[in-house]
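Each remark here refers to the structure printed beneath this line.
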Amino acid sequence: MKDSSGRIPREVVSRLSGSKRLVVLTGAGVSAESGVPTFRGRDGLWRNHRPEELATPEAFKGNPELVWSWYHWRRNTVRQVLPNPAHDAIARMESKIEDFVLITQNVDGLHQRAGSEKVLQIHGDLHYARCSDCGAVIALEEQEGMITCPMCRGPMRPDVVWFGESLDVGLLTQAYNASERSDLFIVAGTSNVVQPAASLAFAAIRNGGYVFEINLDPTPLTGSASATVIGKAGEVLQELVRLAWEEEE
Ligand code: BJW
């Protein structure tokens with residue numbers, strides 16, 4: 001069912017309240033209501049750069065100062081914002097369903113700040129840097145400019161996954177396994193164009209799962225999803241949680 005009125009189908013509500021294996025997949029749209037820019041679409045540019053221009057190993061090799069300044073700027077932006085009702089609703093789902101996995105493409109850490117614990121950050125974390133030589137990972141605080149490894153003095157890079165790079169195999173395996181065995185798969189605020197994240201909902205569908213999508217606009221997943229609501233992730237997820245649990249408490 002595709003609903004552009006923002007109404008949540010009853011079947012989605014009953015599937016959530018009865019879910020035994022829930023997976024939620026999130027993208028940049030879930031952090032948009034906190035004031036974090038998305039990558040694509042409306043307002044989808046980061047400081048006038050396309051992600052393809054900066055989120056690549058080639059960009060880092062060609063101009064590491066520019067790439068680091070973009071990531072420092074984003075980290076500072078994210079530190080000044082708060083989790084929004086979408087993050088809160090997802091954390092609430094985790095508190096209600098034991099077999100729960102949150103797969104996020106976001107690198108901003110806002111899910112954890114909202115209280116989510118079972119989080120697979122498949123594209124990494126903006127708040128960490130990794131040594132290109134020895135692989136050491138450090139938490140970033142107030143650093144600016146280029147960063148050198150405290151262990152081996154090698155060049156450090158943001159601990160994120162750029163285009164053309166492989167995702168962590170262990171995380172990706174966990175994400176596929178959870179998706180394939182989910183009885184409800186909620187996908188919110190992602191354009192569903194970046195692989196392999198965009199394949200996870202289809203893995204759920206192939207295994208008989210029920211996929212509920214929330215987005216401001218249709219995506220390549222919309223035609224295959226079991227149900228879609230066109231609306232803001234914060235509003236729709238809060239309403240979904242309220243309908244599934246609060247009315248019965
Ligand atoms: C709202 C809203 C509101 C707004 N409420 N909704 C197979 C086929 C073709 C290509 C490939 C393929 N396999 C691999 C590739 C290449 C590539 C890829 O997928 N390219 C496509 C663009 C075509 N993938 C890779 O390179 C991946 N690596 C890989 O697969 O390795 C093996 C391999 C390599 C090469 C060839 C083949 C195999 C790695 C991908 C890494 C992505 N990295 C980034 C940067 C991370 C670090 C950082 O943040 O800086 O990840 S790019 C960027 O896109 C970021 C995001 O996580 C990711 C997804 O974006 P997302 O979250 O969907 O955001 P948007 O902006 O696109 O969408 C926001 C949505 O929200 C919109 O729909 C709005 O409508 C909506 N919205 N407000 C609800 N309030």
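Start at 1 and go down the list; that is how both ligands and their atoms are numbered.
Atoms of ligand 1 found under 4.0 Å from any heavy atom of G27, numbered from 1 in the order shown, are 62 (O). Near A28, the atoms of ligand 1 lying under 4.0 angstrom from a non-hydrogen atom of the residue are 61 (P), 62 (O), 64 (O). Less than 4.0 angstrom separates some heavy atom of P196 from each of these atoms of ligand 1: 30 (O). Counting the atoms of ligand 1 from 1 in the order shown, those under 4.0 Å from a heavy atom of G231 are 5 (N), 79 (C). Taking every heavy atom of K232 and a limit of under 4.0 angstrom, the matching atoms of ligand 1 come to 5 (N). The V160 neighbourhood of ligand 1 comprises atoms 47 (C), with distances under 4.0 Å to a heavy atom of that residue. Counting atoms of ligand 1 from 1 in the listed order, those under 4.0 Å from a heavy atom of E165 are 27 (C), 28 (N), 29 (C), 31 (O), 39 (C). Of all atoms in ligand 1, numbered sequentially from 1 with element shown, those under 4.0 Å from a heavy atom of E33 are 3 (C), 5 (N), 80 (N).
Checked by distance only, ligand 1 and R40 come closer than 3.5 Å through their nitrogen or oxygen atoms. For ligand 1, the polar-atom distance check against Q105 finds a nitrogen or oxygen pair separated by under 3.5 Å. Checked by distance only, ligand 1 and V161 come closer than 3.5 Å through their nitrogen or oxygen atoms. Residue G189 has at least one N or O atom closer than 3.5 Å to an N or O atom of ligand 1. Taking any N or O of G164, backbone or side chain, at least one lies under 3.5 Å from an N or O belonging to ligand 1.
W70 and A55 make their closest contact through CZ3-N, 4.2 Å (heavy atoms, listed as atom of the first residue, atom of the second, distance). Contact record, H72 with E144: NE2-C, 3.4 Å, taken as the closest heavy-atom pair. Minimum heavy-atom separation, D88 to P83: OD1-CB, 4.5 Å. Of all non-hydrogen atoms in A32 and T38, the two that sit nearest each other are CB-CG2, 4.0 Å.
Taking the side chain as every heavy atom from C-beta outward, C131 and C152 approach each other to under 4.5 Å. I8 has its side chain within reach of E239: a pair of non-hydrogen atoms, C-beta onward, lies under 4.5 Å apart. Counting only heavy atoms from C-beta outward, the side chains of I122 and T104 never approach each other to under 4.5 Å.
Here the shortest heavy-atom distance to atom 65 (P) of ligand 1, taken over G124, S191, S34, A197, belongs to S191. The closest non-hydrogen atom to atom 75 (O) of ligand 1, taken over N215, N106, V194, L216, comes from N215. Between the choices H123, R74, E235, the shortest heavy-atom distance to atom 57 (O) of ligand 1 belongs to H123.
With a heavy-atom cut-off of 4.0 Å, W162 touches ligand 1 through its backbone alone. Only the side chain of V107 comes within 4.0 Å of ligand 1, judged by heavy-atom distances. Residue contacts with ligand 1 for A32 involve side-chain atoms from C-beta outward but no N, CA, C or O (heavy atoms, distance under 4.0 Å). The backbone of V193, and not its side chain, has at least one atom closer than 4.0 Å to an atom of ligand 1 (non-hydrogen atoms only; backbone = N, CA, C, O).
The closest side-chain donor-acceptor pair between T190 and Q105 falls under 3.5 angstrom. Remark: the Q195 side chain and the S199 side chain contain an N/O donor-acceptor pair separated by less than 3.5 Å.
V137 forms part of a hydrophobic cluster together with Y128, judged by ILVMFWY side-chain heavy-atom separations under 4.5 Å.
Under the 30°/60° scheme for interplanar angles, the aromatic rings of F60 and W68 are found to stand perpendicular.
Paired with E213 under the rule side-chain contact (heavy atoms from CB on, under 4.5 Å), one option of N192, V229, L25 passes, and it is N192.
Residue contact check for ligand 1: P158 places no non-hydrogen atom closer than 4.0 Å to it.
In this structure a side-chain-to-backbone donor-acceptor pair under 3.5 Å is present from E33 to A233.
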